[in-house]
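Here is how names work: the chains are called A, B, and so on, in the same order as the sequence lines, proteins then strands, and each is numbered from 1.
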There are 4 protein chains.
Amino acid sequence: MAPPLTKRQQQAAATAEQLLAAAREVFVTRGYVATTVGAITEAANTAHGTFYLYFRNKEDVFGRLIKDVAAEMYREAQAPWTGDPFEALELAIRGYLGVFAAHGGVWRCLMEGLHQSPVLEAMWLDVRRPFIDRIDHNLASLVAAGSVRELDTTVAAHALGSMVEWFAFTHLVLGMPPAERRSLDEVAHSLTDLWFNAVYGRVDAKGPRSTS
Amino acid sequence: MAPPLTKRQQQAAATAEQLLAAAREVFVTRGYVATTVGAITEAANTAHGTFYLYFRNKEDVFGRLIKDVAAEMYREAQAPWTGDPFEALELAIRGYLGVFAAHGGVWRCLMEGLHQSPVLEAMWLDVRRPFIDRIDHNLASLVAAGSVRELDTTVAAHALGSMVEWFAFTHLVLGMPPAERRSLDEVAHSLTDLWFNAVYGRVDAKGPRSTS
Amino acid sequence: MAPPLTKRQQQAAATAEQLLAAAREVFVTRGYVATTVGAITEAANTAHGTFYLYFRNKEDVFGRLIKDVAAEMYREAQAPWTGDPFEALELAIRGYLGVFAAHGGVWRCLMEGLHQSPVLEAMWLDVRRPFIDRIDHNLASLVAAGSVRELDTTVAAHALGSMVEWFAFTHLVLGMPPAERRSLDEVAHSLTDLWFNAVYGRVDAKGPRSTS
Amino acid sequence: MAPPLTKRQQQAAATAEQLLAAAREVFVTRGYVATTVGAITEAANTAHGTFYLYFRNKEDVFGRLIKDVAAEMYREAQAPWTGDPFEALELAIRGYLGVFAAHGGVWRCLMEGLHQSPVLEAMWLDVRRPFIDRIDHNLASLVAAGSVRELDTTVAAHALGSMVEWFAFTHLVLGMPPAERRSLDEVAHSLTDLWFNAVYGRVDAKGPRSTS
DNA sequence: TATGAATGAGGCTTCATTCAT
DNA sequence: GATGAATGAAGCCTCATTCAT
């Protein structure tokens with residue numbers, strides 16, 4: 001099954017891995033812009049030139065890292081979404097926040113790199129898309145089933161995704177105040193509450209008075 | 001009251017203004033990282049060295065710009081919030097989106113610069129705070145008045161603010177798809193609908209199952 | 001007579017040939033300086049290191065190529081030089097121009113490489129020498145036979161050789177204007193006319209004034 | 001008349017001159033390809049970065065040098081071309097050879113650089129053109145006056161120019177044998193003799209027999 | 001023989017910052 | 001105040017060459 005690797009190929013793979021790991025390390029600690037190829041090779045204990053055997057440049061390594069890391073993160077963040085809707089949602093949001101808290105450095109770097117090249121921007125949007133699409137799909141099912149009011153599911157999916165994502169970023173990565181005084185569980189509960197009402201709410205546009 | 005300015009001081013003030021304007025221009029078109037002091041002085045038609053008479057470095061000018069520009073933008077984005085709650089909210093959100101659409105370059109640069117130094121990060125959070133605080137305050141009033149259910153108004157304020165902010169950024173600045181097929185008004189309406197229900201919703205956690 | 005080659009030796013010879021052919025190809029298309037060992041091995045479909053099994057470095061391969069290629073070209077350019085002197089000369093010159101036109105890339109590279117190392121310079125001069133010597137020899141015969149005036153045949157040989165060579169290079173390789181509007185035959189005729197008169201001319205230094 | 005230069009401008013001009021002189025020195029001794037910006041600034045006793053204040057890169061300095069130096073050389077090589085035609089021609093050729101002998105290093109470098117970029121190639125052709133044009137023009141006058149037979153003056157001008165140029169290069173710069181045993185005067189005389197006969201010759205194409 | 005991963009020297013270019021004018 | 005020439009550190013990238021497999 002596994003292609004038989006020669007010793008050379010193993011060596012090479014190991015070097016690539018070493019560089020990738022070093023790159024991740026350096027990116028996380030110094031940020032995207034401040035990271036230099038020299039810093040990466042130094043951390044990887046390889047010659048400077050070795051880097052260019054495996055990557056075209058900084059953007060290139062970062063791109064590969066994004067694909068690996070971000071995909072892994074969005075995956076990790078996806079709870080099963082079965083059983084009681086509220087609980088399922090809460091679990092998912094809690095998972096997402098957990099990932100953010102655990103991989104803050106990566107996330108911060110990703111958010112930074114995003115601005116440094118159209119390629120990385122596109123890459124990020126690509127990695128993020130499935131996450132949003134999943135929300136969209138779920139909302140569409142609910143609307144189709146008549147469980148929730150008519151709504152523009154695509155905009156809603158992006159908006160709700162953005163809510164959690166940007167809240168998580170500003171609080172868990174940038175460390176804004178509320179996060180400090182509340183547990184992840186409390187925050188997750190609040191976010192779920194908002195999301196849940198935003199979706200299942202029956203308040204019509206003319207105001208709260210008509211609420212059942 | 002105002003101390004009479006000497007000719008020199010007027011000159012100096014004019015030069016500073018010139019540099020500031022040029023910096024804004026350059027930051028917006030090239031982005032934070034790609035902007036160089038040389039590009040700014042060139043755009044300002046001043047000598048390279050003149051820059052350092054007024055600013056310590058790039059971070060310094062940018063900091064001053066943030067204070068001016070971002071504050072102005074968050075201010076511009078604030079509708080009066082009177083009359084019918086839904087309409088007031090919609091107006092506010094619509095205003096916010098409008099500002100984003102109009103000043104995309106500034107926002108993009110702001111979001112980018114944010115990641116380039118702790119000082120700028122703090123500055124951005126400072127500029128942003130009043131915007132969130134205002135939401136928090138409004139929510140708190142509603143809760144106090146019993147108009148809406150009990151909720152963690154601070155977390156909610158951050159979450160809702162994040163929702164609009166990050167949605168606006170990804171769509172109006174990065175140009176994600178939904179924005180292309182919907183008018184600002186439509187998007188504003190959808191966001192308002194979500195926000196409104198999130199706040200005024202009465203769906204309790206155990207509820208939706210019974211609504212289906 | 002020929003020592004029977006082992007399988008290995010055949011292999012090796014084939015590889016060397018492959019590299020040589022690839023080198024020629026690459027040199028012609030990229031020029032001497034721009035050619036890298038990597039480009040050669042890539043074109044030859046061999047490992048990078050294999051190159052060093054057969055050549056010391058770029059200069060080395062190029063040297064061998066010169067010997068093969070340039071000698072072949074100078075040979076190709078030599079018409080038999082029998083029969084009517086003018087026609088023989090014209091044929092020879094026409095042949096020379098033809099070779100230049102056909103192998104422009106090789107010449108260009110040769111002329112370039114020439115400047116990159118004393119060794120290559122000497123090599124080129126060596127390859128070129130027979131070509132000049134032949135002219136010298138022919139001129140000497142003519143002088144000895146009294147068919148042409150006394151002249152420094154060696155200088156004349158170099159001068160006339162240079163005339164054709166450099167004209168051919170500037171026009172057929174660098175593409176200077178006259179070449180574009182004249183056929184090779186026309187140019188060859190003009191050159192032959194000049195050469196012929198230069199050699200067979202009887203105009204003495206004091207003469208032309210009386211011809212006017 | 002002279003624009004009054006401030007001290008600063010004088011300084012700057014001096015630096016530029018320093019760099020230019022250093023560049024010339026380095027180019028001549030190391031050749032075009034082997035010359036590095038670092039070597040130039042070192043020779044000029046300036047910081048590495050200073051170079052880029054005055055030139056875009058190596059090609060750029062070289063281009064400016066060509067314009068200065070080569071033009072100067074072609075100019076120096078132009079004798080008045082009056083009085084006795086043979087003597088005038090001999091003088092011109094002698095001057096040309098003298099220039100080559102004196103500025104061999106520059107010429108060698110020029111011939112080398114020529115191959116390293118289309119821009120430099122074009123530049124060389126431009127500098128050279130007037131030299132060829134002048135010959136063409138003179139030949140055309142002679143033909144018009146009936147002093148010489150009908151001939152393709154343009155091709156002849158290029159050919160004769162090439163003869164002297166390439167002979168000079170191979171002998172005075174590359175140091176081919178004949179130059180070592182003959183004085184510049186002797187060589188000039190031989191070249192003039194060839195040129196003169198090539199132009200004023202009346203030998204018709206069918207061979208020496210019909211010569212007057 | 002052949003391979004190709006690894007090395008590291010070397011050249012290029014940009015720019016923030018200083019300082020004499 | 002304003003100028004702009006000069007500096008030199010810092011990053012980028014390429015390649016010739018070696019050597020263990």
Next on the checklist: Please verify the inter-ring angle class for C:H48 with C:Y52; under 30° counts as parallel, over 60° as perpendicular, anything in between as tilted.
Outcome noted: parallel

Checklist entry - Taking atom P of F:dA5 as reference, at what distance in whole Å does atom CG of D:N45 sit? => result 20 Å

Next on the checklist: What is the separation between atom CD on C:E42 and atom P on F:dT14, rounded to the nearest whole Å?
Outcome noted: 13 Å

Checklist entry - Which residue lies toward the 5' end of DNA chain F, B:Y54 or D:T46, if each is placed at its nearest nucleotide? => result B:Y54

Checklist entry - Less than 6.0 Å separating the ring centroids of B:H103 and B:F27? => result no

Next on the checklist: If I compare all heavy atoms of B:L20 with all of B:L65, which pair ends up nearest, and what's the gap?
Outcome noted: O-CD2, 3.9 Å

Next on the checklist: If I take atom CZ in residue A:R8 and atom C1' in nucleotide E:dA6, what distance separates them, rounded to the nearest angstrom?
Outcome noted: 10 Å

Item to check | Short side-chain N/O contact from B:T50 to OP1 or OP2 of F:dT3, under 4.0 Å | outcome: yes

Checklist entry - Would you say D:T15 reaches F:dA5's phosphate, i.e. side-chain N/O to OP1/OP2 under 4.0 Å? => result no

Checklist entry - What integer distance in Å separates B:L53:CG from F:dG4:P? => result 13 Å

Checklist entry - For C:Q9 and E:dA2, what is the distance between atoms CD and P respectively, to the nearest whole Å? => result 12 Å

Item to check | Secondary-structure notation, DNA chain E, from Watson-Crick and G-U pairs under 3.5 angstrom (| other strand) | outcome: .||||||||||||||||||||

Next on the checklist: With a 4.0 Å limit, can you tell me whether D:Y52 has a side-chain N or O closer than that to the phosphate oxygens OP1/OP2 of E:dT14?
Outcome noted: no

Next on the checklist: Please pick, from F:dC13, F:dT3, E:dA16, the nucleotide with the shortest atom-to-atom distance to any side-chain atom of B:V37.
Outcome noted: E:dA16

Checklist entry - Could you give the NE2-to-C1' distance, from A:H48 to F:dA16, as a whole number of Å? => result 17 Å

Checklist entry - How many Å lie between CZ on B:R56 and C1' on E:dT18, as a whole number? => result 16 Å

Next on the checklist: Please determine whether a side-chain nitrogen of the Lys or Arg among C:E59 and C:R64 lies less than 4.0 Å from a carboxylate oxygen of the Asp or Glu.
Outcome noted: no

Next on the checklist: Which is more 5' along DNA chain F, the nucleotide nearest B:A12 or the one nearest A:T36? Just name the residue.
Outcome noted: B:A12

Checklist entry - Could you give the CD-to-P distance, from D:E17 to F:dA5, as a whole number of Å? => result 16 Å

Checklist entry - Looking at D:W124, D:F62, D:W107, which one forms a ring-ring contact (aromatic ring centres under 6.0 Å, His included) with D:Y32? => result D:F62

Checklist outcome for this item: When B:K58 and A:F51 are each assigned the nearest nucleotide of DNA chain E, the 5'-most assignment goes to A:F51

Next on the checklist: Judged by each residue's nearest nucleotide on DNA chain E, which is more toward the 5′ side, D:Q11 or B:G38?
Outcome noted: B:G38

Checklist entry - Regarding B:E112 and A:Q116, is there a side-chain donor-to-acceptor distance under 3.5 Å anywhere? => result yes

Checklist entry - Taking all atoms of both residues into account, what is the closest heavy-atom pair of A:G113 and A:L120, and its distance? => result O-CD1, 3.7 Å

